[in-house]
Amino acid sequence: MSVRGTDEAELGLLLTAAQDGNRASYAAFLRAVVPLIRAVGRGKLARPADLEDFVQDTLLAVHQALPTFQPGRPVGPWLGAIARNRLSDALRRTYRRRAVETDFDDGIADTVAQPEAEPAPQVALGPLLSRLPERQRTAIEMLKVQGLSLKEASDASGVSIGALKVAVHRGIVGLRQLLRKEDDHG
Amino acid sequence: MADTSHLIERLSSEASAARRLPPPVLRLLLWGAASLGLMALATSWHGIRPDLGLVISNPVWLAKQALALGTALLAGFAAISFSVPGRRGWERLIWLPAAAFWLLVAWESARPTLETQAIPDMVHLFCPYCFPVISIGSALFLAADMRRAAPVAPVRMMALLLIAGGGMAMFGERLIHDDLDAPLLIAIQILAVLSVGAVLAPLGRVLFRWHGVQK
């Protein structure tokens, strides 16, 4: 991972301070490395959600690997090794998913006669929705509840179409997990 | 899944002073000392080989022992270096020349006797007590050390950990037993250690994993 000399020194200082327990420096370090990590995954992970997953995985790995950084050593190779490792895992996950999953085209379902479905169990989604992060909740409400198009929702919220897609995807994953938890607790 | 900014906030709010891992050389020395402790344990059980005083004046025996110990330590150093992100490339390959030279010396010593010497049977390939105690014990010490670090190359870490443990056991075993010095036996043992390292390397994905915090 290439980091400019001045950035390298600055990142090294932030990371050393973070190791000493300075939370502000740690937050600043993590924010500063997000674009560098994203650059490693860009072009290799096609879906924005996969790229964001990879960035977050790498941040978690950085958190775990924090004690391994030796002050005075360059940050770039340290961060690059972690990012490449997480990228190879992300790519492996992507290939595995592609092997079992084909993209679902909503349009096909409308052209095929559907068997009469059994009534789905009634679930109150309102309380679950309120437990999602605001960005995901707003995206789901606009796109799935109010039925706005991506363009309309983007214009109304000022959030890009790509970010809206990611937020909806994550919101639905989050809702699924919340539903599963509710089921488990009876 | 939380947004990246939320994740950063959470990670930084949870942060406390991290206990830095010692430099790889110090970690290697600690591991070497722990492995020597295991050898001492095996020695207290089996006793030292009766002719140790004689063989330590034999330069060929000493060279083979030095190569065994050197390969074990260098493989251990490479394994530790793999567990620290961003280390230099040569640190990870440094064990290869030692292992190759060790194998070459063992093979060259065994070659003249190849036609006359029968292949040793599996029972006498290694001591069934000393070898497992030293190899598995020292491999476990090294694994415990590496699990505190970062699993950036789990498969290679596992392979090297097994080679380091095997090399250490081959070194220790010859301080205890006087019936394991046949050159062909040493060559077979080296190949067996390298093969086990290669075959079991994928287990590294199970042993060395990212854990940390949940998203």
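So you know, we letter chains A, B, ... as the sequences are listed, proteins then strands, and number each from 1. These numbers come from a predicted model, not from an experiment.
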Most heavy-atom pairs under 4.5 Å with chain B, out of A:N22, A:V55, A:L66, A:L59, belong to A:L59
Exercise for the section: Assess the side chains of B:W210 and A:D57: does a donor N or O sit below 3.5 Å from an acceptor N or O? Expected result: no
Bottom line for A:Q70: the part with an atom under 4.5 Å from chain B's heavy atoms is side chain
Looking only at heavy atoms, the pair that brings A:N85 and B:A153 closest together is ND2-N, 4.4 Å
Cut-off 4.5 Å, heavy atoms of chain A, and the answer for B:R20 is both
Are any non-hydrogen side-chain atoms of B:L142 and B:I80 less than 4.5 angstrom apart? yes
If one checks every heavy atom of A:V34 against chain B at 4.5 Å, the contacting part turns out to be side chain
If one checks every heavy atom of A:F29 against chain B at 4.5 Å, the contacting part turns out to be neither
Short side-chain donor-acceptor distance under 3.5 Å, B:Q189 and B:E173
yes
When the 4.5 angstrom heavy-atom criterion is applied to A:R23 and chain B, the contacting part is both
Most heavy-atom pairs under 4.5 Å with chain B, out of A:A81, A:P74, A:A61, belong to A:A61
Bottom line for B:S5: the part with an atom under 4.5 Å from chain A's heavy atoms is neither
Between B:L7 and A:L60, is any pair of side-chain heavy atoms under 4.5 Å apart? yes
Okay, B:P151 and chain A: the region with an atom under 4.5 Å from a heavy atom over there is both
Side chain to side chain, A:P71 and A:Q19, heavy atoms closer than 4.5 Å: yes
So, the part of A:T16 with a heavy atom under 4.5 Å from chain B: the answer is both
Shortest non-hydrogen pair, B:R148 vs B:P22, comes out as NH2-CD, 4.4 Å
So, the part of B:R209 with a heavy atom under 4.5 Å from chain A: the answer is backbone
Most contact-rich option vs chain B, by heavy-atom pairs under 4.5 angstrom, among A:P67, A:S25, A:G21, A:A65, is A:P67
Can you tell me how the ring of B:Y129 sits relative to the ring of B:H46, calling it parallel under 30°, perpendicular over 60° and tilted otherwise? tilted
